[in-house]
4 protein chains.
Amino acid sequence: MSKAPNAARRSESSRRAILAATEELCGEGGYGRLTIEAIATRAGVSKKTIYRWWPSKGAVVLELLDEAASVAANPPDSGDLATDLRALLTEVIGLLTPAHSSPAIGLIGEALHDPDLARDLRERLIQPRIATFKERLRRAQETGQLPADADLDVALDLLYGPLYHRMALHLGMPDPSHLDSLIAHVLRALTAPHPAGAAEQR
Amino acid sequence: MSKAPNAARRSESSRRAILAATEELCGEGGYGRLTIEAIATRAGVSKKTIYRWWPSKGAVVLELLDEAASVAANPPDSGDLATDLRALLTEVIGLLTPAHSSPAIGLIGEALHDPDLARDLRERLIQPRIATFKERLRRAQETGQLPADADLDVALDLLYGPLYHRMALHLGMPDPSHLDSLIAHVLRALTAPHPAGAAEQR
Amino acid sequence: MSKAPNAARRSESSRRAILAATEELCGEGGYGRLTIEAIATRAGVSKKTIYRWWPSKGAVVLELLDEAASVAANPPDSGDLATDLRALLTEVIGLLTPAHSSPAIGLIGEALHDPDLARDLRERLIQPRIATFKERLRRAQETGQLPADADLDVALDLLYGPLYHRMALHLGMPDPSHLDSLIAHVLRALTAPHPAGAAEQR
Amino acid sequence: MSKAPNAARRSESSRRAILAATEELCGEGGYGRLTIEAIATRAGVSKKTIYRWWPSKGAVVLELLDEAASVAANPPDSGDLATDLRALLTEVIGLLTPAHSSPAIGLIGEALHDPDLARDLRERLIQPRIATFKERLRRAQETGQLPADADLDVALDLLYGPLYHRMALHLGMPDPSHLDSLIAHVLRALTAPHPAGAAEQR
DNA sequence: CGCTAACCGAGACGGTACGTCCAGTCTTCAG
DNA sequence: CTGAAGACTGGACGTACCGTCTCGGTTAGCG
């Protein structure tokens, strides 16, 4: 993360052992039970070695997730927008499941009070997904599936929002039919003619 | 929380001192820096007294928030649905601001890995707001501002979702115009005619 | 102990329950594990009631021992001095056995850093035994079994000393033959003619 | 005590600071007031460091005493047995004085209900003194000052016993003349001819 | 024979110390 | 002369008892 002292001499085998140990321990006790001490012991590595390359346990987990789930730079494009959006959302639902042992959720929880981690999380895991998502919508605008003036930021909020809403409030991820309903509503909102003023006054 | 050993003999003055100390300390160092030890010291109370009545620091903070922001059982009803929704959302935005020292956010973060706390949080802070929200929408259905078959759960997800989305990803709360835009989109989605099937297939 | 607030109204049943609970708990976990809280709970009595009548757990245990092992004011007198001494010493050995769960040993340990308890212990348990012991020796002087000028304080030290020596150093109580040997040596010391000065110089 | 995890890396400066703090605090408040917390604070050391190397506060105090008062392996030998015994006993009297703040007495009190500590105490403080004592008596046998068949264990009991007797019962250590009298009696007992049977029957 | 003072149980309270855990830094030693 | 092993300070954790302190609810004995 951030500035490596001297990446040239970094031991790849230690790095792998640390990430592997992190994955195991995360699976065993969940993110909450995870400690740097335990990672070091399990990986057969000194704590110092971990602190040398990562600023916090969150950063280690972040790197783990980053490796595991790298995003295709190119969005899926089946021709059907709803289908592709469903695929994109489903991937995120996968990351946020199961509620009590998902490393991603642990990471998000930690990032809530660690701005540095939050920044890394956003840059490395979130932004790529957002970019992919917007790219897909942009293509939909090009093909006329969405109006050219559709607000993509609003679309982002409306589509991903429910997932985080439900994560934060432990409400359970939307089931497939609810997910389809959400997508349908959002597409309708983006497509429907602006009813002259509605809530735009102010 | 839940079943007090013998609430009758509970010292109200200790309880008040604890909540006051919690509020102060939360303001000073944020939820993350808050410790039971510090609360006890500041409140002039023994740790045992805290543990006797609350299972965790999260529970104390929850009670603090619960007292501070009790919800009117009756939703606002100015006649204009968008206005009332804006008011409801703004209240939650207030709870989730500022990002790095809001006790509510700390609480949500903690609840992510503490199911007991999550349950209390949901029951005591969240559900009342959801109920109020749905009640307002129900009235809107009665007055014809919303179709009778509008899916209120979807409305909930679409309106509150963006707030938690932005909280979780440290994206900053929506500014007023963005908020209005969100509300307008959602109302459009709920009101617009279902375009024959769109994404309902499956 | 000492000044009861108003002994008249004291509940005998509580007193008995407390002593009984103390005995049980002492047997279960040893003196070290004994706590006022546990006594109160087991006896179905409030802690206040214990503190009202006894200044410390040591005092409770002392009263327990005092009741259990009251000394005959009159020493045994079989005619044979060694036999009677053996009986007196054996009684004390009984109190100091078994090494790790004897309430008496616990009490002595506590008295080592509690002068008040030490005083009570001496007055109520020890002095009566010393008096009895000396009384027996005095009779032996009268019958000529011991010289009239035998130093009874030295006899006390030499005969009881080894028991406390062994208790303090966890060396195990003397077995019967060793005990007899000790008695024989001491009687010889008291009876033998003073070898003109020997160690009396100074 | 016993098996250090890896004594090689142990910080000698911490060890010294801990023992020094222990000595100070013992002097200030007596063994009873001594706590691990206070030692750690005074020594500028974390509690963990104390618990890493010693199992209990007793063990720390034991090490302190062990360093302070190491015994000459060779007993004093002035030629006069009584003189040398008086010296040996006086050293122990020094350890057991003053009654209410002697660390040694605190240690003995603790050992009464802590078998592990008792064992260490015996092995590290007591046994060496016993060995020295017996060695001196053995020499006395060689020079004919004591009969070859004198029972050295009995001598040990009779000479050291009174000290522990008086410690346990808070009777005050013997004054010099009483001490001389004790020694004289014991030497007489060991030297006097066995009066045909006396208490040897049984 | 009813008042009132002390008892009683229950257990909450402010405290002190316990022994454990983990964070993050610093030191030692082997390769 | 690097890096693993791990000892170190620091500080919060949650627990156990301490001895004190209300609470109501009996009793007991005096007036």
Side-chain angles (χ1 to χ4, degrees), chain A residues 5-6 9-11 14 17 33-41 43-57, chain B residues 4-15 17 33-41 43-53 55-57, chain C residues 4-15 17 33-41 43-57, chain D residues 4-15 17 33-41 43-53 55-57:
Chain A
N6 182 346
R9 300 186 180 242
R10 182 165 184 180
S11 155
S14 289
R33 296 275 192 271
L34 192 64
T35 66
I36 299 262
E37 300 240 348
I39 296 174
T41 303
V45 135
S46 123
K47 285 202 290 176
K48 187 66 192 246
T49 301
I50 299 181
Y51 283 112
R52 190 157 20 230
W53 302 106
W54 291 277
S56 67
K57 77 165 174 171
Chain B
N6 183 347
R9 302 197 185 261
R10 181 168 185 179
S11 157
E12 178 62 13
S13 70
S14 289
R15 186 177 152 277
R33 297 273 193 271
L34 193 63
T35 66
I36 299 260
E37 298 241 352
I39 296 174
T41 302
V45 136
S46 98
K47 284 199 288 176
K48 185 64 198 269
T49 299
I50 300 181
Y51 284 113
R52 183 151 31 221
W53 302 108
S56 66
K57 75 166 175 170
Chain C
N6 184 347
R9 306 200 168 193
R10 181 165 185 180
S11 156
E12 179 61 16
S13 71
S14 289
R15 186 176 154 277
R33 297 275 193 271
L34 192 64
T35 67
I36 299 263
E37 300 239 352
I39 296 173
T41 302
V45 135
S46 119
K47 284 201 290 175
K48 186 72 190 251
T49 300
I50 299 182
Y51 283 113
R52 187 154 25 224
W53 304 106
W54 291 277
S56 66
K57 78 165 173 171
Chain D
N6 182 348
R9 310 205 170 198
R10 181 166 185 181
S11 157
E12 177 62 15
S13 70
S14 289
R15 184 176 155 276
R33 297 273 192 273
L34 193 64
T35 66
I36 300 262
E37 299 241 352
I39 296 173
T41 302
V45 136
S46 96
K47 284 199 289 177
K48 185 65 195 267
T49 299
I50 299 182
Y51 284 113
R52 181 150 35 220
W53 302 106
S56 66
K57 75 166 175 170

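The sequence lines fix the lettering, A, B, ..., with proteins before strands; numbering per chain opens at 1.
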Query - Nearest-0.5 Å distance that lies between atom CD1 in B:Ile50 and atom CZ in B:Arg52 - result: 11.0 Å
Below 4.0 Å: OP1/OP2 of [N] and any side-chain N or O of [X]:
| X | N | value |
| --- | --- | --- |
| D:Ser14 | F:dA7 | no |
| B:Trp53 | E:dC13 | yes |
| D:Thr49 | F:dT9 | yes |

Any residue meeting side chain to side chain contact (heavy atoms under 4.5 Å, CB included) with [X], in chain and number order, not counting sequence neighbours:
| X | answer |
| --- | --- |
| D:Ala17 | D:Ala43 |
| B:Ala38 | B:Leu25, B:Thr35 |
| C:Ser46 | C:Lys48, C:Thr49 |

Query raised in the report: Closest heavy-atom contact between D:Lys57 and D:Leu34?
Result: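 Smallest interatomic distance, heavy atoms only, reads NZ-O, 3.0 Å.
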Query - Residue closer to the 5' end of DNA chain F, B:Ala38 versus C:Ala38 (nearest nucleotide) - result: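 The 5'-side residue here is B:Ala38.
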Query raised in the report: Can you check whether C:Trp54 reaches C:Ile36 side chain to side chain, under 4.5 Å on heavy atoms?
Result: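 No. Closest side-chain heavy atoms not under 4.5 Å.
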Query - Side-chain heavy atoms of B:Arg15 within contact of B:Trp53, under 4.5 Å - result: no
Euclidean distance, atom [atom1] of residue [X] to atom [atom2] of [N] [Å, nearest integer]:
| X | N | atom1 | atom2 | value |
| --- | --- | --- | --- | --- |
| A:Ile39 | F:dA5 | CD1 | P | 16 Å |
| C:Ile50 | E:dG11 | CD1 | P | 15 Å |
| D:Leu34 | E:dT16 | CG | P | 17 Å |

Requested in this report: With the side chain of D:Arg52 defined as its heavy atoms from C-beta on, choose the nearest nucleotide among F:dC8, E:dC7, E:dG14.
Outcome: F:dC8
Query raised in the report: Got a donor-acceptor pair under 3.5 Å from the side chain of D:Arg9 to the base of E:dT28?
Result: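 Such a pair exists between side chain and base.
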Query raised in the report: Between the side-chain atoms of D:Arg10 and the base atoms of F:dA7, is any donor-acceptor pair under 3.5 Å?
Result: no
Which atom pairs link the protein and nucleotides 19-21 of chain F when you take only N or O atoms and keep those under 3.5 Å?
| residue | atom | partner | partner atom | Å |
| --- | --- | --- | --- | --- |
| F:dG19 | OP2 | C:Tyr51 | OH | 2.8 |
| F:dG19 | N7 | C:Lys47 | NZ | 3.1 |
| F:dG19 | O6 | C:Lys47 | NZ | 2.6 |

Query raised in the report: What nucleic acid atoms does B:Thr35 come within less than 4.0 Å of, heavy atoms only: base, sugar-phosphate, or nothing?
Result: sugar-phosphate
Query - Net bend of the helix from E:dC1-F:dG31 to E:dG31-F:dC1, end axes of five pairs each, nearest 10 degrees - result: 20°
**Report entry** Which residue lies more 5' along DNA chain E, comparing B:Gly44 with C:Glu12 via nearest heavy atoms
**Finding:** C:Glu12
Query - Which residues share a side-chain hydrogen bond (donor to acceptor under 3.5 Å, both in side chains) with B:Ser56, sequence neighbours left out - result: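 B:Ser56 satisfies side-chain hydrogen bond (donor to acceptor under 3.5 Å, both in side chains) with no other residue.
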Report task. Please list, chain by chain and in numerical order, all residues satisfying side-chain hydrogen bond (donor to acceptor under 3.5 Å, both in side chains) with B:Ser13, sequence neighbours excluded. Result -> B:Ser11
